[in-house]
Trainee: 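Below are the structure tokens for one structure; questions will follow.
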Amino acid sequence: MIGGAIGLLSAAVALGVGHLTAGLVGGTSSPVIAVGSTAIDASPEWLKSYAIRTFGTNDKAVLVAGIGAVVAIVSIIVGVVALQRPRVGVVALVALGTVGATAAVARPENGLGAAVPSTAATVAGLLTFWRLRRSAGLATSVTGAGDAEAIAPASFDRRRFLLAGAGAAGLAAVSGLAGRFLIRRAEASASRAAVRIPAPADVAPLPPAGADLHIADVGPFITPNDRFYRVDTSILVPSVTAEGWTLRVHGMVRKEVSLDYASLLARPLMERDVTLTCVSNPVGGGYIGNARWIGAPLADLLNEAGVDPAADQIVSRSVDGFTVGTPTAVVMDGRDAMLAVAMNGEPLPLEHGFPVRMIVPGLYGYVSATKWLVDIELTTFGAYDAYWVRRGWAQQAPIKTESRIDTPKQSATVAAGRVTVAGIAWAQHRGISTVEVSVDGDAWRPARLAAEDTIDTWRQWVFAWDASPGDHTLAVRATDDTGATQTATQADPVPNGATGDHTISVTVAG
Ligand SMILES: Nc1nc2c(c(=O)[nH]1)N[C@H]1C(S)=C(S)[C@@H](COP(=O)(O)O)O[C@H]1N2
Ligand SMILES: [Mo]
């Protein structure tokens with residue numbers, strides 16, 4: 001029992017640490033992956049096709065599990081033998097590392113450095129072996145001559161051994177999972193770096209020069225990717241490669257459609273500026289950004305699948321299980337709903353949904369903007385509640401007409417005289433018609449609007465204020481192209497988006 005546990009845990013820590021080290025220096029050098037790849041290369045064609053037929057895309061996972069099972073059995077046997085003859089354990093761990101290092105270095109894509117993870121694995125395995133022996137009250141000198149001692153029952157502290165064993169198991173699990181995460185992320189990054197987005201068939205004109213007022217403290221009209229807000233439920237960004245990506249369109253359709261990344265890129269692509277907004281954005285908040293997206297029209301794909309007229313909800317699903325419910329009628333009403341592959345001239349960044357996400361102008365992100373999209377199911381609102389709907393948010397959530405003051409900042413002190421008050425206003429898919437500013441609750445006065453790009457984008461505005469010394473409040477409100485002015489009543493983001501005029505206090509120095 002004890003011998004088997006020591007053997008198994010030492011091997012597990014070795015492989016976990018090896019995997020983690022590979023996550024830092026390069027995934028193909030992981031002893032597990034290197035041995036697995038070597039096994040794949042060495043196996044005959046009939047075995048490979050049998051594995052693919054039987055296990056499908058899980059064939060690699062089955063192989064890794066198989067390698068794990070072999071290592072587990074061997075390490076338990078070695079552990080039992082090593083109880084009396086610790087040198088056997090040392091030799092076995094060194095042999096394990098040597099096999100891993102040899103396989104890793106022999107991979108065509110690797111160099112000598114690929115031996116590092118297996119070396120780290122061996123060291124970690126030996127240290128674990130030594131620690132666990134010690135906590136079991138066994139001789140700590142594993143190389144000494146007198147190896148014949150058995151456990152002296154009196155010196156065996158069960159509690160101490162169990163604690164050390166649990167620590168080793170935890171270390172193996174954490175390092176193995178961390179290694180897997182790092183390796184997958186590196187694979188997704190490499191995949192993204194290799195992607196070439198074709199020129200869109202339907203190009204968007206550049207935003208008009210006047211769309212950006214270039215006022216300090218008002219963000220640029222197009223939000224750079226590294227400054228774009230990010231909202232999702234993932235602690236760790238999901239790693240998906242373009243090569244491994246597929247999308248299935250199913251449910252209430254005439255015929256199911258499946259497509260891979262290459263066939264998505266082969267479709268006619270469109271380019272559009274769309275402002276994304278999060279329903280959680282409080283009045284005056286920053287969960288909003290505007291980007292130039294390239295993607296395949298979603299309505300065309302749905303028409304190919306043939307949507308059942310009764311299917312009033314499109315449920316889209318991310319690789320991590322997150323779901324979004326979008327009204328079918330909205331996606332099909334002619335607006336530029338798309339399966340986006342590029343953001344501001346680059347393949348989607350990993351944290352913004354690489355390789356494919358949904359974009360639907362006019363709807364808050366949680367009902368439209370699924371990142372790491374892998375599945376689209378046509379269903380009904382009656383039949384299914386998506387992720388945030390189950391948590392109390394509205395089933396349907398068009399973006400509300402809103403505006404924000406970006407300069408001056410809340411509680412700022414400004415000099416008396418001409419003060420530039422400026423910010424943004426948005427009413428995606430309706431368009432902004434006017435923005436007004438009120439000082440100290442007095443009459444609303446019109447701000448100057450930047451040129452409109454499209455009705456799906458935000459609009460900057462600026463207001464010249466003759467500021468007199470003292471404390472003042474500034475408020476802003478927007479009116480959209482339907483003639484509706486934003487709701488003045490303050491409301492929280494739950495369940496369908498915050499309302500209220502963004503109001504700030506400033507001090508004007510005398
Ligand atoms: N897979 C996945 N997609 C998601 C989310 C998520 O949690 N998981 N959050 C949604 C929400 S609430 C918003 S506001 C947008 C944010 O997109 P961004 O992070 O690219 O700005 O993504 C949407 N898509
Ligand atoms: Mo959101």
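Source: prediction; values computed, not measured. Counting convention: from 1, in listed order, for ligands and their atoms alike.
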Trainee: Are Asp481 and Arg430 ion-paired here, with the side-chain N under 4.0 Å from a carboxylate O?
Mentor: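 No salt bridge links Asp481 with Arg430.
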Trainee: Which of the atoms in ligand 1, numbered in the order shown and given with their element, are less than 4.0 Å from a heavy-atom of Cys278?
Mentor: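 So the answer, numbered in order with elements, is 14 (S).
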Trainee: For the side-chain contact (heavy atoms from CB on, under 4.5 Å) test, which of Trp461, Phe463, Trp444 pairs with Val435?
Mentor: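 Among Trp461, Phe463, Trp444, the one meeting side-chain contact (heavy atoms from CB on, under 4.5 Å) with Val435 is Trp461.
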Trainee: Do ligand 1 and His352 have nitrogen or oxygen atoms that lie under 3.5 Å from each other?
Mentor: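 It does: an N or O of His352 is found under 3.5 Å from an N or O of ligand 1.
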Trainee: Give a yes or no answer on whether the side chain of Ser234 reaches the backbone of Pro238 with a donor-acceptor pair at less than 3.5 Å.
Mentor: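 Checked: no pair found.
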Trainee: When you measure from atom 13 (C) of ligand 1 to every protein heavy atom, which one gives the shortest distance, and what is it?
Mentor: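 Of the protein heavy atoms, Gly365 CA, 3.7 Å lies nearest.
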Trainee: Identify the residue among Ile197, Val203, Asp336, Asp202 that makes a side-chain contact (heavy atoms from CB on, under 4.5 Å) with Glu271.
Mentor: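 Exactly one candidate clears the test, Val203.
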Trainee: Give the residue and atom name of whichever protein heavy atom lies nearest to atom 9 (N) of ligand 1, and the separation in Å to one decimal.
Mentor: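 Closest protein heavy atom to atom 9 (N) of ligand 1: Val231 O, 3.2 Å.
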Trainee: To which of Trp388, Trp393, Tyr364, Phe322 does the heavy atom nearest atom 4 (C) of ligand 1 belong?
Mentor: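 Residue with the shortest heavy-atom distance to the ligand atom: Phe322.
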Trainee: Side chain, backbone, both or neither: which part of Tyr229 has a heavy atom under 4.0 Å from ligand 1?
Mentor: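 Near ligand 1, Tyr229 shows its backbone as well as its side chain.
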Trainee: Please state which option from Arg317, Lys371, Met343 has its nearest heavy atom closest to atom 3 (N) of ligand 1.
Mentor: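 Looking at heavy atoms only, Lys371 sits closest to atom 3 (N) of ligand 1.
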Trainee: Number the atoms of ligand 1 from 1 as they appear, then name those within less than 4.0 Å of a heavy atom of Ser318, with their elements.
Mentor: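 Answer for ligand 1: 1 (N).
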Trainee: Check this for me: does any side-chain nitrogen of one of Arg192 and Glu346 sit under 4.0 Å from a carboxylate oxygen of the other?
Mentor: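 Glu346 and Arg192: salt-bridged.
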Trainee: So, is Thr277 polar-close to ligand 1, with some N/O to N/O distance under 3.5 Å?
Mentor: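 No; every N/O pair is 3.5 Å or more apart.
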Trainee: If the cut-off is 4.0 Å to any non-hydrogen atom of Tyr366, which atoms of ligand 1 fall inside it?
Mentor: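 Answer for ligand 1: 11 (C), 12 (S).
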Trainee: Does NZ or CZ of Arg391 lie under 6.0 Å from the centre of the six-membered ring of Tyr387, at an angle within 45° of the ring axis?
Mentor: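 Yes, cation above the ring, under 6.0 Å and within 45°.
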Trainee: Examine Ala369 against ligand 1 and note whether any of their N/O atoms are separated by less than 3.5 Å.
Mentor: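 Such a contact does occur with ligand 1.
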Trainee: Salt bridge or not between Asp456 and Arg272? Use side-chain N to carboxylate O under 4.0 Å.
Mentor: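 No, no charged N to carboxylate O under 4.0 Å.
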Trainee: Report yes if Thr233 has an N/O atom closer than 3.5 Å to an N/O atom of ligand 1; otherwise report no.
Mentor: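 Yes, there is a polar N/O contact under 3.5 Å.
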Trainee: Just by modelled atom types, is the Val253 backbone N or O under 3.5 Å from a matching donor or acceptor in the Asp308 side chain?
Mentor: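 No, because the side chain of Asp308 does not come within donor-acceptor range (under 3.5 Å) of the backbone of Val253.
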Trainee: Leu276 heavy atoms, cut-off 4.0 Å: which ligand 1 atoms fall inside?
Mentor: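 The list of qualifying atoms is 17 (O).
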Trainee: Using a strict cut-off of 4.0 Å, indicate which atoms of ligand 1 neighbour a heavy atom of Phe228.
Mentor: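 Those atoms are 21 (O).
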Trainee: Can you check whether Ala172's main-chain N or O pairs, donor with acceptor, with Ser175's side chain at less than 3.5 Å?
Mentor: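 Answer holds: yes.
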Trainee: Under 4.0 Å, heavy atoms only, figure out whether ligand 1 is touched by the backbone of Trp372, its side chain, both or neither.
Mentor: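 Under 4.0 Å from ligand 1, Trp372 contributes side-chain atoms alone.
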Trainee: In the protein, which heavy atom is nearest to atom 17 (O) of ligand 1, and how far is it?
Mentor: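 Looking at atom 17 (O) of ligand 1, the protein heavy atom closest to it is Arg357 NH2, 3.0 Å.
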Trainee: Between Arg459 and Ala450, is there a donor-acceptor pair closer than 3.5 Å when you use the side chain of the first and the backbone of the second?
Mentor: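 Yes: the side chain of Arg459 pairs with the backbone of Ala450.
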